[in-house]
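Just so it is clear: chains get the letters A, B, ... in the order the sequence lines come, proteins before strands, and each one is counted from 1.
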Amino acid sequence: MQLDQDTGLSLTIAQIVQRLKGSSLHSQLERQARISLHRPEIKLESLKEDIKEFLKTSAPAEHIKEPLSYMRKSQGSWEKRILKSLNSMCTELSIPLARKRPANEQKELLNKWNEMGTDEPDLSLFRPVYAPKDFLEVLMNLRNPNYDNGDQPSFRNHLGLIQVPLKIKDIPELKDYFSELDLNAGQLGIDDSTQVPPGWLKCTFFAVLAEQDSAAAQQYVRQGCPTALRAELWALILNISNQSEDILYYEQLKSNVVQHDLLVDSLIYKDVKLTASNDDYYFVFEDYLYQVLLCFSRDTSVLEHFTYNSATPPKSYIRGKLGMEEYAVFYPPNVNFKIFILSVAPLCFLYHEPSKLYQIFREMYVRFFFRLHSISSHPSGIVSLCLLFETLLQTHLPQLFYHLGEIGAQPLRIAFKWMVRAFSGYLATDQLLLLWDRVLGYNSLEILAVLAAAVFAFRAVNLMEVTSLAAAEAVLADLSTLKVMPLLQIFLFATVT
Amino acid sequence: MGTMGHEPVPCTIKSAVTLQVGDVRRELGRPGVVVIDVAFPQPIDLQEMVFKNYYAAFLTMRVQRRRSLNRGTEGPLQWVTCLQDYCLMPNPHTEDCSQDYVCLSRDQMFCDVDHVATMRLILRQPSPVWFNFSIEELRFYAQGQKIPQKGFPSWLSHPSPQEQPANLHEELPNPDKVSSEVQKMWVLTEMLQASQTAARIGRFDVDGCYDINLLSYT
């Protein structure tokens, strides 16, 4: 946003408030506000209105969420589709969207709160609300009505699956943006595997933790985090302090779970059983996953991120009061829970206390992961990531790109599921955490697209010989042996274009 | 920022005219220039203009104003350029800033924009990939307009300097000051209590159930 000072200002304010929430700075600001109220010139009656007028912008709220109207429309129709699917599941199976648990059921749930994985409810009738490839189909069909795609192939067509002309970084811009990953800079994930440990890096981190300097931590983490300090550093960057009121909030959510049963709970159960229980690395955390996700689906503070998310939370009305706004309630945002699960699971390696684990996950979700399943023009949104991936591959490896397109194995069809899960469940856990260090450090998800292109570049020789989509998928099926940082460095800084 | 509470100035915005070399019907290329004329019933002293961009890349603005001469007499109407090739889209081939809201104030213009009678907005879009381009929701705000009832309290525009915390070790604080502060806090809590709804939390419980309809599509 250029000189639109008003919209830019209020969006910045909203983002700053979001980041400050729960930090000591926030409580200092609150204290200062309380002191300011004593001043005689402030009229209490008109206080709220005065501040609202002052901060009012000329842009409507929906424009702040997503400036492009055709993307808003597309997001709206995608959401309608999901709601229809959920409603039909509800009526087919005759299960209420929400119900209060009877007392004995509540007691039973409370008793086995720490071992919900031992439960084996019958979930065969539940089906997932949508699969990633359905979402990819929607993204492929995104069109700007004002954009001339043209009948003849020309510079205005994109050769890949994504056909919207979003601004993405090209390779020189990426080299500049990710300059800390350069071959000359020491990286944790490469240089610590040699005999001589990079002691200088570790000293810096201890200093940053002692100072509790969140901005410095974010800067240093671009070169990776030492494993022992990662949990604390991430908590510092995300401004999570796990004070007593946070623990209390988590306990409150837990009691909400015990009291009411939601339809999405069954979907969560099913997805956890399917995803985490069968995964070699994540099956140990099955119980943690239930505890975090069931609470997350009841957390109303998550609703606040919808001011900058292009999505809108589903709404429902109390029976008999359809259309009356004071009887409207919000339902948990409907997503493919596999994505959620795979976002939480790696965090279980770092945090063992449920309330802290919960807060870290929630903060990571409202900062990053929500962009992976809503349609928006944000540079870290999934649409931009897909376009960035396709463009990088096309520029670096045009022959491979063309060959895969010809055999019906368009690269995005394979890379999409990696990016939409932020590579969780595909990379080895230590490599995944090194990747997420950089996501936090750069406050952007663009590195996911760069890594996806780097993986294709790494396996290019094998991929040139395949003749079908299934064969291409087989070549790229196992990423668990890959080392993330060398791949990224070679792709960005050592490949001749 | 300060004009957000003001009313926009009335004006007549004529429909956009595309400029193209040669015959519009036979030319295959897209017209890259669009001109929008705005007429003001009364000459205004422009303070700010706000609009929503729709795929226009560059904006040039010319105003026709009447300069007042030294002896108080009115001079002739003159056209003058007050903005030249102002960039609205840094990358005209991509969506960057294509549908943003833009606010331009008089400080950003090359010259004085007082006594403006007519304005001409010249939009350029050099990229051929867009079917149409224009600007929408055009609103003008004049200088020195009457501030409406909801003006900004001075404490918002001019925050007072930081107060030093009272040093309680030296002396006890002024009892009058303390009592007035406590009174203000009490008024605030009374206001909060008065505006609370009478309904209990959990008011959606119907026979102990959280009874909701299906999810709404609107």
*Cut-off 3.5 Å, side chains only: do B:Gln99 and A:Tyr70 have a donor facing an acceptor?*
no
*Side chain, backbone, both or neither: which part of A:Asn144 has an atom under 4.5 Å from a heavy atom of chain B?*
side chain
_What part of A:Pro379 gets within 4.5 angstrom of chain B, counting heavy atoms only: side chain, backbone, both, or neither?_
neither
*To the nearest 0.5 angstrom, please state how far the CG atom of A:Leu387 sits from the OG1 atom of B:Thr94.*
10.0 Å
*To the nearest 0.5 Å, tell me how far B:Ser98 OG sits from A:Tyr147 OH.*
12.0 Å
*Which residues pass the salt bridge (charged side-chain N to carboxylate O under 4.0 Å, His left out) test with B:Asp37, sequence neighbours left out?*
B:Arg120
_For a 4.5 angstrom cut-off between non-hydrogen side-chain atoms, does B:Glu95 reach A:Ser377?_
no
*Note, A:Lys167 side chain near B:His93 side chain (heavy atom, < 4.5 Å)*: no
*Checking B:Asn132 against chain A: side chain, backbone, both or neither under 4.5 Å from a heavy atom?*
both
*Search all heavy atoms of A:Asn146 against all heavy atoms of B:Tyr55 and return the closest pair with its distance.*
ND2-CD1, 3.1 Å
*Residue pair B:Phe131 / A:Pro145: nearest heavy atoms and the distance that separates them*: CD1-O, 3.4 Å
*Has B:Gln42 got more than 12 heavy atoms of other residues, nucleotides or ligands less than 6.0 Å from its CD?*
no
